[in-house]
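Within every chain, numbering begins at 1; the chains are lettered A, B, ... in the order of the sequence lines, protein sequences first and strands thereafter. These values consider heavy atoms only, across backbone and side chains, with no hydrogens, waters or symmetry-generated copies. Note that the coordinates shown come from a computational prediction; the quantities given were computed from them, not determined experimentally.
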Protein chains: 2
Amino acid sequence: MSNPAVIDLLGVLAFGELVAFERTANDAKFAPGVSEKITLGRMASNEYRHYEAVSARIIELGADPIAAMEPFVEPLNQFHNTMKPSNWLEGLLKAYVGDGITADFYREISVYLDPQTATLVNEVLGDIGIAEFAVDHIKQAIANDPKNAGKLALWGRRLMGEMISQASLVAKTRPALAGLFLNPPAGVEVDIDNMSTLVSRLTVGHSRRMDALGLAA
Amino acid sequence: MSNPAVIDLLGVLAFGELVAFERTANDAKFAPGVSEKITLGRMASNEYRHYEAVSARIIELGADPIAAMEPFVEPLNQFHNTMKPSNWLEGLLKAYVGDGITADFYREISVYLDPQTATLVNEVLGDIGIAEFAVDHIKQAIANDPKNAGKLALWGRRLMGEMISQASLVAKTRPALAGLFLNPPAGVEVDIDNMSTLVSRLTVGHSRRMDALGLAA
């Protein structure tokens with residue numbers, strides 16, 4: 001059996017992709033036209049394939065994917081139910097911001113993963129084209145109607161706040177996961193206050209993405 | 001440019017698969033557990049792949065997929081908006097009944113298609129496992145609570161009625177499609193009242209599927 005913290009990390013990633021698939025497909029109902037619906041469908045299908053790849057890796061590592069995902073079902077559902085987009089732009093911003101923070105998080109913790117798992121995680125979190133698509137559409141919408149900027153900036157802040165809040169709850173209930181940062185594997189150097197440094201760095205990444213849209217983080 | 005009726009048939013099939021993908025993924029929110037969510041995700045991803053295959057065939061035949069789908073966007077959206085499942089069992093029955101009627105319809109009209117298109121349509125409409133999954137879950141739910149039977153039988157009748165009603169509207173606005181039955185290609189024999197025969201045969205297939213569930217059609 002592998003390091004339980006690694007199984008936790010793969011479990012949350014697998015369930016995250018499964019829920020992302022569901023939400024992206026659901027946001028297709030907001031698509032202004034058939035062509036945007038097709039793009040969202042392609043992204044959602046990719047997210048489902050990612051789920052399958054991570055699930056297969058959990059099995060290879062000797063664990064059960066359903067059991068590995070179970071601790072994260074509640075917090076991720078909580079996040080998605082609290083942050084239900086009410087229109088096309090909110091859906092796009094949520095996907096862009098959520099994917100960005102998730103990718104940054106896994107990049108930060110990839111030093112704790114075995115090389116094969118790290119490669120897989122890297123592939124799964126490679127941009128599936130949503131960033132460019134979202135940025136283009138959001139910028140265009142703000143150019144068409146500057147009032148969109150304020151509403152989206154607020155939505156972006158709420159997304160980031162809710163992600164940090166759910167992640168803190170998860171960290172409290174998963175000691176192995178939290179312990180990863182306090183008891184790193186041999187050869188990995190970490191700060192004493194590694195977790196708060198991590199949050200700061202994730203916040204910087206988030207601000208950078210909001211800046212790219214011309215939105216206040 | 002191909003026969004416009006064939007492009008119509010592929011257009012409605014392509015958009016049907018795209019919307020089926022969206023609705024299946026959306027029904028995943030009703031899934032009683034993570035394992036059923038995974039099954040619905042796999043089905044939805046298959047439906048998206050089917051959309052891609054039909055869309056590619058439309059391009060091969062020299063037409064534009066978006067233009068080919070356009071006449072069917074409104075009636076299919078209308079059908080899905082009128083028949084929104086309100087729970088897990090209604091979602092399963094809708095997928096089972098809808099896939100069944102669609103497959104029967106394309107089997108009936110496959111004589112009008114060139115062999116390559118007919119093979120593709122056959123592949124796309126091959127059962128992706130939803131029938132067995134739906135039948136198992138619905139039968140179990142009725143065994144657990146016989147009150148489910150009456151509600152589901154009613155839902156099944158409404159689904160069939162709404163499909164026939166939307167299909168009639170489509171037939172009226174797409175003369176090439178309706179004409180297929182009146183002016184069949186050389187070598188294909190048809191009854192004078194082929195369209196009403198078709199509806200009768202589809203109704204028989206629907207009754208057979210409802211019977212398999214122990215439900216009155």
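Ion pair A:Arg57/A:Glu60 flagged as a salt bridge, since at least one NZ, NE, NH1 or NH2 atom sits closer than 4.0 Å to an Asp/Glu carboxylate oxygen. One finds a salt bridge joining A:Asp104 and A:Arg209 here, because a Lys/Arg side-chain nitrogen approaches an Asp/Glu carboxylate oxygen to under 4.0 Å.
Of the listed residues (B:Lys37, B:Arg23, B:Met69), the greatest number of heavy-atom pairs within a distance under 4.5 Å of chain A belongs to B:Lys37. Per-residue counts of heavy-atom pairs under 4.5 Å with chain B were compared for A:Val19, A:Val34, A:Leu40; the largest is that of A:Val34. For the set A:Ala44, A:Pro65, A:Ser45, A:Gly33, the entry with the most heavy-atom pairs within less than 4.5 Å of chain B is A:Ser45.
Taking the side chain as every heavy atom from C-beta outward, A:Val124 and A:Tyr51 never approach each other to under 4.5 Å.
The side-chain hydrogen bond (donor to acceptor under 3.5 Å, both in side chains) test with B:Thr24 singles out one residue from B:Arg42, B:Glu47, B:Lys94, and that residue is B:Glu47.
If you measure heavy-atom distances from B:Glu70 to chain A, you find no contacts under 4.5 Å at all.
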